[in-house]
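Below is one structure; the comments refer to it alone.
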Amino acid sequence: MFVGISCGGEWWGLENYRRVEQLGFDGLFTGEHVMFHRPTWDAVTMCTAMAAATESIAIGPAATVAPLRHPTLLAKEFTGVDLVSDGRLILCLGVGGDYPKEFEALDVPLEQKGRRTQESLEILKLYFSGERFSYEGEIFTLADVLIEPPPAQPGGPPVWLAGRREVTQRRAARFADGWLPYMYTAKSVRRTFDFIRDDAERAGRELPGDYAWGAYTYIAFGDEGEEAQRRADEHLAWRYNEPRFVGDLAGRYNVAGDVDGCVEQLMAFVEAGVTHLVLFPMPAAGQSVRDMLDGIGEGVLAALRRAAQAPV
């Protein structure tokens with residue numbers, strides 16, 4: 001059972017990134033937007049810092065907004081991150097579009113976001129092969145290109161796709177090494193897994209045994225369940241500038257409560273088939289990042305591992 005933590009594109013500091021590894025998490029991730037409702041850091045900068053701060057755990061974006069970069073630059077930058085981390089990168093790509101202003105600022109047509117992501121995914125795999133190649137798509141054309149040095153991982157880092165829509169699930173079924181849905185319940189996550197398996201079979205692809213069946217889950221850990229839930233809902237409403245998170249969506253897309261409550265809710269994802277959990281923690285008022293991480297790592301993580309290993 002892989003359990004990672006995400007800082008959501010926020011700068012926590014190198015000591016706290018080291019603390020994530022010390023607490024026994026398997027991965028450290030960051031979000032990304034060029035522009036958003038709140039401050040957020042560039043994923044390449046963050047991943048490089050995370051690689052320097054840690055020694056053994058996976059690092060990566062969850063997710064980088066793929067259509068905002070030319071695929072050659074995307075490949076070059078994250079090849080560098082894979083090299084700096086000695087082969088610990090997981091490259092998770094998202095389509096974006098929930099904040100159109102960043103597409104406008106980069107002169108990327110919003111209506112091309114899906115096609116650009118698709119072609120970028122294909123081109124990344126070619127660059128990561130370490131072989132010279134040419135490519136002709138609807139948007140990108142490349143002639144006799146090669147990036148050196150190649151990634152540390154032979155064939156390149158695993159590429160996950162993050163998202164919510166069916167078209168992204170199809171890409172995950174046919175091209176990716178993992179699927180990381182977000183803002184899904186355990187029940188709906190299971191439905192996406194079934195869809196991906198069925199679609200891969202229709203496409204004639206046999207999914208690898210190490211395919212990552214993921215879930216990106218928001219977590220508010222605290223002794224008082226109702227207070228933790230309120231905090232989680234208010235945080236999501238602020239983060240996404242969406243008042244529905246304190247309205248009809250309250251409590252739907254987050255895990256909140258004490259150790260037993262959080263573990264029970266997270267085990268629903270495990271039982272749905274999730275092999276890779278990425279947790280985004282939401283602090284209590286006035287709580288330091290270190291205390292937040294210690295609470296989740298020493299409380300929830302340890303209990304979750306025990307529960308996941310317990311015989312059925």
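Side-chain contact, Q229 with N254: a donor N or O sits under 3.5 Å from an acceptor N or O. One side chain, E21 or S56, offers a donor N or O that lies under 3.5 Å from an acceptor on the other. Side-chain atoms of R231 and H235 form no donor-acceptor pair, as typed in the model, at a separation below 3.5 Å. The closest side-chain donor-acceptor pair between Q169 and T192, if any, does not fall under 3.5 angstrom. A donor atom on one side chain and an acceptor atom on the other are not found under 3.5 Å apart for Q112 and R115. Judged purely by distance below 3.5 Å, without hydrogens or angles, the side chains of S120 and T117 never pair a donor atom with an acceptor atom.
Remark: side-chain polar atoms of D177 are not paired, donor with acceptor, to backbone N or O of Y211 under 3.5 angstrom. No side-chain donor-acceptor contact under 3.5 Å links R88 to the backbone of A58.
Between F269 and W213, the gap from one ring centroid to the other reaches at least 6.0 Å. Aromatic ring centres of Y99 and H37 lie closer together than 6.0 Å.
Applying the salt bridge (Lys or Arg N to Asp or Glu O under 4.0 Å) criterion to E77, with sequence neighbours excluded, gives R69. Under the ring-ring contact (aromatic ring centres under 6.0 Å, His included) criterion, F245 pairs with no residue at all, not counting sequence neighbours. Scored by the ring-ring contact (aromatic ring centres under 6.0 Å, His included) test, F140 finds H70 as partners (sequence neighbours excluded). Residues forming a salt bridge (Lys or Arg N to Asp or Glu O under 4.0 Å) with D107 (at least two apart in sequence, or on another chain): none.
Annotation for F195: hydrophobic cluster partners, listed by chain and number, are none (ILVMFWY side-chain heavy atoms under 4.5 Å, direct or chained).
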Just list the side-chain donor-acceptor pairs under 3.5 Å for residues 141-158, sequence neighbours left out, or say none.
unit_1	atom_1	unit_2	atom_2	d
Q153	NE2	D82	OD1	2.6
Q153	NE2	G87	O	3.3
Q153	NE2	L89	O	3.0

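Using a 4.0 Å cut-off between charged side-chain N and carboxylate O, R202 and D199 make a salt bridge.
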